[in-house]
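Note on naming: letters A, B, ... go to the chains in the order of the sequence lines (proteins, then strands), and numbering restarts at 1 for each one.
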There are 2 protein chains.
Amino acid sequence: MPRRIPVSTTRPTTLADIARQAGVSVMTASRAINGSGYVSEDARKSVMHAVEKLNYRPNLSARQLKVRRLDAIGILLPDIANPFSSELVNGMKRVLDPEGYTVFIATGNRSTRQEDASLQSFLDHRVDGLIVATRGTAMGDKALRSVVQQGVPLVTIGRPIHFRGVDSVTANHYQGAFDAVTHLIRMGHKRIGFIGIAPAHGKQLRRYQGYLNALREAGIEPREEYTVGPTEGPAFATQEDGYHGMLQLAQLHRPPTAIFARNDFTAIGAMHAAHTLGLSIPDDVAIAGFDNIPLAAFTMPPLTTVEQPIAQQGEEAARFLLERIRGRSQDRTATMECRLIVRQSTDLRLRNSHR
Amino acid sequence: MPRRIPVSTTRPTTLADIARQAGVSVMTASRAINGSGYVSEDARKSVMHAVEKLNYRPNLSARQLKVRRLDAIGILLPDIANPFSSELVNGMKRVLDPEGYTVFIATGNRSTRQEDASLQSFLDHRVDGLIVATRGTAMGDKALRSVVQQGVPLVTIGRPIHFRGVDSVTANHYQGAFDAVTHLIRMGHKRIGFIGIAPAHGKQLRRYQGYLNALREAGIEPREEYTVGPTEGPAFATQEDGYHGMLQLAQLHRPPTAIFARNDFTAIGAMHAAHTLGLSIPDDVAIAGFDNIPLAAFTMPPLTTVEQPIAQQGEEAARFLLERIRGRSQDRTATMECRLIVRQSTDLRLRNSHR
DNA sequence: CCGATTTAAGTTAGCGATATCACAGAATCT
DNA sequence: AGATTCTGTGATATCGCTAACTTAAATCGG
């Protein structure tokens, strides 16, 4: 471990400096600053004046050592490029800021090892609670279980949890996918493909289950060759996956007339492949995605997709966490409904709109 | 301020617990764990054994209080939806992780007040250094100046800094824009529009200056009516801005035959408007963007754009910060070159490629 | 074989904050 | 009036950790 030479310019102001400047004891200064206990108006004023003058900021490490509370919560995200992340954090902040909590973010960068490291960092810094929005893995589950055992309040987002002591919030991906595929069926499609995961790995993927069941409920037996995608299980599917998936499906003897893509990125890749192949959308092939990323309204044609209430998931998770921190011990779960947004990539009759 | 009831399940293990369990003094335990000073092999082993058994993790607040070092650095980002953010953080982590630093991220959400709050939070927690990647504002500058005065090592990214004691890293946006516009001129265009900022507010925007000078250097006098965009100064320009900007330019008596958009989102909005108007790209209007977001290769047609070395900026910023923390006091600045990526939105002759 | 060095521990004293106890004077109650 | 409560303040002891000092045995070189 390399040595670090500190560049101590001026020592930061401490409570003792304030007390000296204000002519009171440190305890009185502390009380004045925190508004606890009895402090005369005179004393309060001169302390506040000193705080202002010396530009005092309490040392949170010192405070935390004593009160065992950091007023900070940690958020673990899979990665920040993800279009969710921002909205999710906004939702959480909306709830946590007014309560005086600071929010720190760390990312796992899709690597379980990095996720564990970030999680450990939060624990080492003794945050008051954790919100974890990374994808579920066996290794990750083990780490989370130990978090719970250590008594640190924990809420997960979009991740099924298999043990107690945790709250969780999720969107109804199953229903969203079901609705999207049902919409395609209503538009007259019978041969509907899924791009985003290899058939063998789709058991865990609720979006895929929604796709399968929508077909079955309409009396259409899903065909395995209509499902294409990466085999990496819960990995995020990309534009490239969508592009290659579409090419693959187009080569079939009787190719699908409609595509339900695992997410909007995948859908955009599929659209691109369709253009390349000279297929027109939605006449030759209809395409629907999932997530309603900002760009979805700006593809050509605009993309039909499913919107999940991201900010609300963040808010709810934050509320759950606050309740946990304040002592609730029963587990709670919230499932938020998704909303189908029909645009021209599946229905030409719609006006060209950005909504 | 609401009261918080702690849910103390089991008190976390302390060094004293370890010492007791291992049958040594706390100091020996500390030395064994930190690998400092002399510790016999026997003692080290039994301490490590106790650490393992009791699942001990040092209390970083307590340690920080003593050693005045947190081994953590704070990163302030404008918002996380931004496609940079992720890459930027990856670059930083690549440098900081191996040095034993933990990275915490906070966002300002494009609000100066929130940025200040996040910055203050980092300072209150006494991080060892700060990397700030938010857009420059007067209020923000003031806050940063005070950071420097407090002796906290600071590096900025993509933000011109007007005072000393700060390192900064930036991409050569000017050159990138210059190259893109020069490319448009070489493709035979003479009437080239800029979408992304109102002409009166473009003074600060290096991308706009690059546009103007590329025109002038080619002997083309820029026309004010060819520049359209929001008036909010350094705000981020969106798809909507691009869409409306394109509509506006198309209404001119002699509309531009090429568009240089402030960023890829704006370019995508403009492309969408062009499609809506029945203009073909690049025959009726060529369009170039900036940033090379992942989707840029998947628009129809693929978008010509300028790529800036994001991860490298993150790495360099992290290296600068480490040097500062270790005592360097001269200011350093790095400017990274951008790279023009020509695709079919400006040049039809190219093969359809995703590179 | 003896002083000097190295190795291996333990003791003490804080870091900067707050909880707790102690105490004095003012205000209120019975 | 005397007891009781309310105000306002300060002294002291920690929180969990490590720097600095101290002690003591082991090792070493001439």
Side-chain angles (χ1 to χ4, degrees), chain A residues 1 3-6 8 10-47 50-51 54-72 123-126 128, chain B residues 1 3-6 8 10-48 50-51 54-71 123-126 128:
Chain A
M1 188 79 73
R3 208 148 61 93
R4 293 180 195 104
I5 302 126
S8 79
T10 41
R11 184 179 54 78
T13 310
T14 74
L15 198 55
D17 299 328
I18 296 298
R20 205 174 308 114
Q21 171 80 24
V24 296
S25 72
V26 286
M27 209 46 233
T28 301
S30 170
R31 280 193 270 252
I33 289 166
N34 294 305
S36 61
Y38 295 109
V39 181
S40 70
E41 191 51 27
D42 277 6
R44 207 191 57 79
K45 263 191 194 144
S46 70
V47 167
V51 165
L54 301 182
N55 199 18
Y56 171 74
R57 289 252 108 202
N59 183 325
L60 294 189
S61 291
R63 168 179 286 168
Q64 206 249 24
L65 194 55
K66 191 74 202 177
V67 301
R68 283 129 180 293
R69 195 200 333 129
L70 194 57
D71 292 343
L123 293 178
D124 288 350
H125 287 275
R126 306 285 196 269
D128 301 326
Chain B
M1 190 77 76
R3 208 147 63 92
R4 292 179 196 104
I5 302 128
S8 78
T10 42
R11 184 180 52 78
T13 310
T14 74
L15 198 55
D17 298 329
I18 296 298
R20 204 173 310 116
Q21 171 81 25
V24 298
S25 72
V26 285
M27 206 49 231
T28 302
S30 170
R31 281 192 271 251
I33 288 166
N34 295 305
S36 59
Y38 295 111
V39 180
S40 71
E41 190 51 27
D42 276 6
R44 206 191 58 77
K45 262 193 195 144
S46 70
V47 166
M48 285 320 187
V51 165
L54 302 182
N55 199 16
Y56 171 73
R57 291 252 107 202
N59 182 325
L60 295 188
S61 291
R63 169 180 286 167
Q64 205 248 25
L65 194 54
K66 189 76 208 185
V67 302
R68 283 130 180 294
R69 191 191 346 119
L70 194 57
D71 293 343
L123 293 178
D124 288 350
H125 287 274
R126 306 286 197 269
D128 301 328

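- Whole-Å rounding puts the B/I18 CD1 to D/dT18 P distance at 12 Å.
- A straight line from CZ of B/R44 to C1' of C/dT7 spans 16 Å, rounded to a whole angstrom.
- Qualifying side chain to side chain contact (heavy atoms under 4.5 Å, CB included) partners for B/T14, counting only residues two or more places apart in sequence or in other chains: B/R11, B/A16, B/D17.
- Dashed line: the shortest gap from a side-chain N or O of A/Y38 to OP1 or OP2 of D/dG8 is not under 4.0 Å.
- No side-chain heavy atom of A/R31 sits less than 4.5 Å from a side-chain heavy atom of A/V47.
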Exercise. Can you check each nucleotide of nucleotides 11-20 of chain C against protein heavy atoms at under 4.0 Å and return B for base, S for sugar-phosphate only, - for none, in 5' to 3' order?
Key: B--BBBSBBB
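- No side-chain heavy atom of A/R126 sits less than 4.5 Å from a side-chain heavy atom of B/L60.
- Protein atom CD of B/E41 is 17 Å distant from nucleotide atom C1' of D/dA26, rounded to whole Å.
- Qualifying side chain to side chain contact (heavy atoms under 4.5 Å, CB included) partners for A/P58, counting only residues two or more places apart in sequence or in other chains: A/Y56, A/R63.
- Looking at B/T13 and B/N55, their side chains never come closer than 4.5 Å, going by heavy atoms from C-beta outward.
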Quiz prompt | Per-nucleotide pairing state of DNA chain C [Watson-Crick or G-U, under 3.5 Å; [ ] pseudoknot-crossing; | other strand] | solution = ||||||||||||||||||||||||||||||
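- Across the protein-nucleic acid pair, A/L70 atom CG and D/dG16 atom P stand 15 Å apart, rounded to whole Å.
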Solution key, residues 35-44 of chain B side-chain donor-acceptor pairs under 3.5 Å, sequence neighbours excluded:
from  : atom 1 : to    : atom 2 : distance (Å)
B/S40 : OG     : B/A43 : N      : 3.1
B/E41 : OE2    : B/R44 : NH2    : 3.3

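- B/D124 pairs by the side-chain hydrogen bond (donor to acceptor under 3.5 Å, both in side chains) definition with A/R57, B/Q120, not counting sequence neighbours.
- In this structure, OG in A/S61 is found 10.5 Å from CZ in B/R68, a value given to the nearest 0.5 Å.
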